[in-house]
**Student:** 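I am attaching a structure below and will ask some questions about it afterwards.
These numbers come from a predicted model, not from an experiment.
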Amino acid sequence: MGSSKQLLHIGILSSPGLGHIIPVVTLGNRLATFHNVSVTVFVITSGSSVAETEILKSAHKSKMIDVVEIPAVDISNLIDSNTKTVTQLCMLVRETLCVVKSVIFAMKHLLDALIVDIFTTEALSIAKEFGLPNYVYIPTNAWFTALTVYCPVLDKEIEGQYVDHKEPLKIPGCKPVRPEDVSDPLLDRNDQVYREYLKVLGIGFCLSDGILMNTWEDAEAGSLKALRENEILKAIVKSPVYPVGPLIRPEQQIIDGDDDGNNSVLNWLDKQIPNSVLYISFGSGGTLSSKQLTELAFGLELSHQKFIWVVRPPSEDGADKLYFTTGDQGENTPEYLPEGFQTRTKDFGLVIQMWTDQTRILSHPSVGGFLTHCGWNSSIESITNGLPMIAWPLYAEQRQNATMLTEELRVAVGPKVLPTKEVVEREEIEQLVRMVMQYKEGIELKENVKKLKMSAEKALSIGGSSHDSMCQVLKDIEKRSIHGCKNIKV
C-alpha cells in the first residue's frame, strides 16, 4: 500500500466542470488509498450544476481526501452570449486565483506539493511563490498532449485555419492528426478561445516540475516515447512525463443524490440477459440537435436492441452548452423525443433524463456496449469494464479520442461522417448498434477491449508501469522537499 516513506500532504487544484472535477478527485483517491498520501482537493466550483454539487457531496462523504470548495467569482461583466465555454473556463479560473492563494496560505497543515489540472496552470505561480514542487495533471491521453505541446510550432508554421489544411497535422514521433479532429479551441484561430488555450497550456508545459497523464504505457507506447525522447518535443516539454492511468472512480465515489432513480435502473438491469444492453450517454454536458436526437431515437427503435439512454433536451447552439449546468432534471415524459417512442420501446428500452450513475451501469454484467461521446473519462471507464464502443464525438478533444479508439486501439466503431458535421441517419445508427452488439465485428471489438482491459489492470498493479510512475512522482516530491523548497510562506 504505502509507497512513500512519510505521509506527504499534496494539494490538487481542479477547475469547474465534471470532466475536470471527477478525474482530480479520482487522482486524489488513488494517492490516498494506494500511496499513503494525505490529499486536499481544491475545487473551483461553478455553483450552477446539480451534478457537480452531488459529486462534491459524495467526495466529502468518502473521507479518503479533504475537499475544499472555492466558489468562483462572478465574471458576468467579462463575458457575453458569444463567449466560448473554454474561454469562460479560463477567465473564471484566472479571476478566482487570488482566492485560491488565500485558501492555500491559510491552511494549518502546509502542503508538500501542488498538482494543478489542465485549466488551472496559471496557479503554478502560486506554487512557485510558496516554494512548492508543482505538477500538471492532464486527465486525458498522450496523443492529445503531444498535439497540444506542439501547437505553438504549428501556430508559426501553418497559415489560416487548421481545419482548412489539406494534409494531416504532423507531430514529431506521433501519428498525425486530421485537421477536423483537433480540439474545439483550435477550430477558430481568430477567436479569443484559441489564444487562451495556447496561453494556459503553454504555462503548464514550461513551468511545471512534471506532467501526469491519465494513460498507460501499453495503450500509448509511441506517443509517450515521443514526449520523452523526441528532441523537438523535449525542447518544449522540459519536465518529466508520468503516465499514471487509467484512473477511474471506484463505485463508492459515485453520486448518491438520486438513490431511488439509481436503484430502479439497476433493478431493470438485473432482469436483463448478460451483455445484452447498450448504454447511451453523451457525458456530463453533451447535447444533440433536435434532428439528430430524433434520428438516434428511431435508430434505436429499428435495432430492437435493449438499451439505456441518458437523454437531455436538444440544443441548436452547440454541443457543450450544458457544461456549467449539468444535472438539472426535466419533465417525466420528455416532449423532445419522437411521439410514442417510449411506448413503442418500453419492452426493450429505458430512458433516463439528464444524469445517472454511469460507473455502476457500465460495470453491470447486463451491459454489453457503450454509445459514447468519447470523453476520456467515459472511454477508459468503458475499456476497464471490457465494453466495446460506438464513438460519437461532440466537442473538446473528443474527435481525436474517437480516432484513437477506432483506428489505433480498435475498440470502437463510428459513423461514416463526424456527427458534428452531418446528421447521422437512423439506418446507419441501427447498423452501428447491431455491429457492436450482434455482429462479428462486435466480437472482434470485445476481444481487443478485453486485452486492453488486462493491460490496464497490470499497469495499475503493484510493480506495474503506472503504479511505478506514481511512485516516481512521490519520490521526486520527497527529494525536492528535502532540499528545502517547501512550505515557504510569504
Side-chain angles (χ1 to χ4, degrees), residues 50-51 54 255 257-316 319 321-322 325-362 364-373 378 382 387 389-390 392 394 415 419 423-438:
V50 174
E54 293 296 339
I255 65 170
D258 182 20
D259 290 335
D260 292 338
N262 289 333
N263 288 335
S264 66
V265 174
L266 295 174
N267 290 338
W268 186 87
L269 280 170
D270 288 341
K271 299 173 185 176
Q272 311 309 318
I273 298 171
N275 301 310
S276 67
V277 178
L278 176 70
Y279 176 62
I280 303 119
S281 174
F282 298 99
S284 56
T287 57
L288 304 178
S289 67
S290 296
K291 187 173 182 182
Q292 185 61 83
L293 188 144
T294 298
E295 289 300 307
L296 177 56
F298 280 122
L300 293 172
E301 185 177 341
L302 286 171
S303 75
H304 285 279
Q305 180 66 49
K306 298 267 187 177
F307 70 84
I308 291 179
W309 182 10
V310 183
V311 298
R312 53 176 60 98
S315 170
E316 313 302 329
K321 286 299 180 182
L322 292 180
T325 57
T326 302
D328 295 343
Q329 297 299 316
E331 64 272 20
N332 292 328
T333 303
E335 296 179 357
Y336 44 82
L337 289 174
E339 185 176 355
F341 169 76
Q342 287 183 273
T343 301
R344 295 190 299 272
T345 60
K346 63 182 176 62
D347 293 332
F348 61 92
L350 183 64
V351 170
I352 306 168
Q353 291 188 73
M354 299 301 295
W355 179 255
T356 192
D357 194 341
Q358 177 167 295
T359 307
R360 251 189 264 184
I361 290 175
L362 290 178
H364 196 284
S366 292
V367 176
F370 186 11
L371 192 158
T372 172
H373 66 308
S378 291
S382 192
L387 299 176
M389 287 165 270
I390 298 173
W392 196 292
L394 293 177
V423 172
V424 184
E425 303 290 340
R426 63 191 71 178
E427 293 80 9
E428 185 177 6
I429 293 168
E430 176 194 6
Q431 185 68 15
L432 287 168
V433 171
R434 292 185 183 276
M435 191 181 297
V436 168
M437 301 297 292
Q438 301 172 13

**Student:** Any salt bridge between Arg434 and Glu430, counting N to O under 4.0 Å?
**Tutor:** yes

**Student:** Rounded to the nearest 0.5 Å, how far does OH of Tyr279 lie from CG of Leu350?
**Tutor:** 11.0 Å

**Student:** Between Phe348 and His304, how do the two ring planes meet: parallel, tilted or perpendicular, split at 30° and 60°?
**Tutor:** tilted

**Student:** Step by step, would you call Met437 with Ile390 a side-chain contact (heavy atoms from CB on, under 4.5 Å)?
**Tutor:** CA-CA 10 Å; Met437 301 297 292; Ile390 298 173; over 6 Å; no

**Student:** Atom CD of residue position Glu316 - does it have more than 12 heavy atoms of other residues, nucleotides or ligands inside 6.0 Å?
**Tutor:**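 Counting neighbours around CD of Glu316, more than 12 heavy atoms of other residues, nucleotides or ligands fall under 6.0 Å, so yes.
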
**Student:** Work out which heavy atom in Gln438 is nearest to a heavy atom in Ser303; give both atom names and the distance.
**Tutor:**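 Heavy atoms only, the tightest pair is NE2-O, 4.1 Å.
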
**Student:** Can you name the nearest heavy-atom pair linking Gln342 to Val351, along with the distance?
**Tutor:**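 Nearest heavy atoms, Gln342 then Val351: NE2-CB, 3.6 Å.
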
**Student:** Taking atom CG of Leu394 and atom OG1 of Thr372, what is their separation to the nearest 0.5 Å?
**Tutor:** 9.0 Å

**Student:** Give the minimum heavy-atom separation between Gly299 and Ile429, together with the two atoms involved.
**Tutor:** CA-CG2, 3.9 Å

**Student:** Could you tell me whether the side chain of Ser366 and the main chain of Gln272 form a donor-acceptor pair under 3.5 Å?
**Tutor:**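 Side chain of Ser366 to backbone of Gln272, a donor-acceptor pair under 3.5 Å: yes, one is there.
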
**Student:** May I ask you to test the Phe307-Val433 pair for a side-chain heavy-atom distance under 4.5 Å?
**Tutor:** no

**Student:** Heavy atoms, side chains only, cut-off 4.5 Å: are Val424 and Gln292 in contact?
**Tutor:** yes

**Student:** Which value, rounded to the nearest 0.5 Å, describes the distance between Gln358 atom CD and Ile352 atom CD1?
**Tutor:**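 Those atoms lie 10.5 Å apart.
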
**Student:** Roughly how far, to the nearest 0.5 Å, is OG1 of Thr356 from CG of Leu266?
**Tutor:** 8.0 Å

**Student:** Under 3.5 Å, is there a donor-acceptor pair between the side chain of Arg312 and the main chain of Gly286?
**Tutor:**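 At least one qualifying donor-acceptor pair exists.
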
**Student:** Which pair of heavy atoms, one from Gln305 and one from Ser276, lies closest together, and at what distance?
**Tutor:** NE2-O, 2.5 Å

**Student:** To the nearest 0.5 Å, what is the distance between CZ on Phe370 and CH2 on Trp392?
**Tutor:**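 Taking CZ in Phe370 and CH2 in Trp392, the distance rounds to 13.5 Å.
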
**Student:** Would you say the side-chain atoms of Thr294 pair up with the backbone N or O of Ser290, donor to acceptor, closer than 3.5 Å?
**Tutor:**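 A pair under 3.5 Å: yes.
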
**Student:** Within the distance-only criterion (no hydrogens, no angle test), does the side chain of Gln431 pair as donor or acceptor with the backbone N or O of Arg426 below 3.5 angstrom?
**Tutor:** no

**Student:** Check whether any side-chain heavy atom of Leu278 sits under 4.5 Å from a side-chain heavy atom of Leu300, and report yes or no.
**Tutor:** yes

**Student:** Can you tell me how far apart CZ (Arg360) and CG (Leu269) are? Round to the nearest 0.5 Å.
**Tutor:**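 Rounded to the nearest 0.5 Å, the CZ-CG separation comes to 11.5 Å.
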
**Student:** Can you tell if the side chain of Leu371 reaches within under 4.5 Å of the side chain of Trp309, non-hydrogen atoms only?
**Tutor:**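 Side-chain contact under 4.5 Å: no.
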
**Student:** Side-chain contact test, heavy atoms from C-beta onward, threshold under 4.5 Å: evaluate it for Trp268 versus Ile308 and give yes or no.
**Tutor:**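 In contact.
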
**Student:** Which heavy atom of Ile361 sits nearest to which heavy atom of Val367, and what is that distance?
**Tutor:**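 Of all heavy-atom pairs spanning Ile361 and Val367, the closest is O-CG2, 3.1 Å.
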
**Student:** Does any N or O in the side chain of Glu295 come within less than 3.5 Å of the main-chain N or O of Glu425, such that one atom is a donor and the other an acceptor?
**Tutor:**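 Between the backbone of Glu425 and the side chain of Glu295 there is no qualifying donor-acceptor contact (under 3.5 Å).
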
**Student:** Between Thr345 and Glu301 (side chain of the first, backbone of the second, donor and acceptor by atom type, cut-off under 3.5 Å), is there such a pair?
**Tutor:** no

**Student:** Where do Leu387 and Gly369 come nearest, in terms of heavy atoms and distance?
**Tutor:**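 Of all heavy-atom pairs spanning Leu387 and Gly369, the closest is CD2-N, 4.1 Å.
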
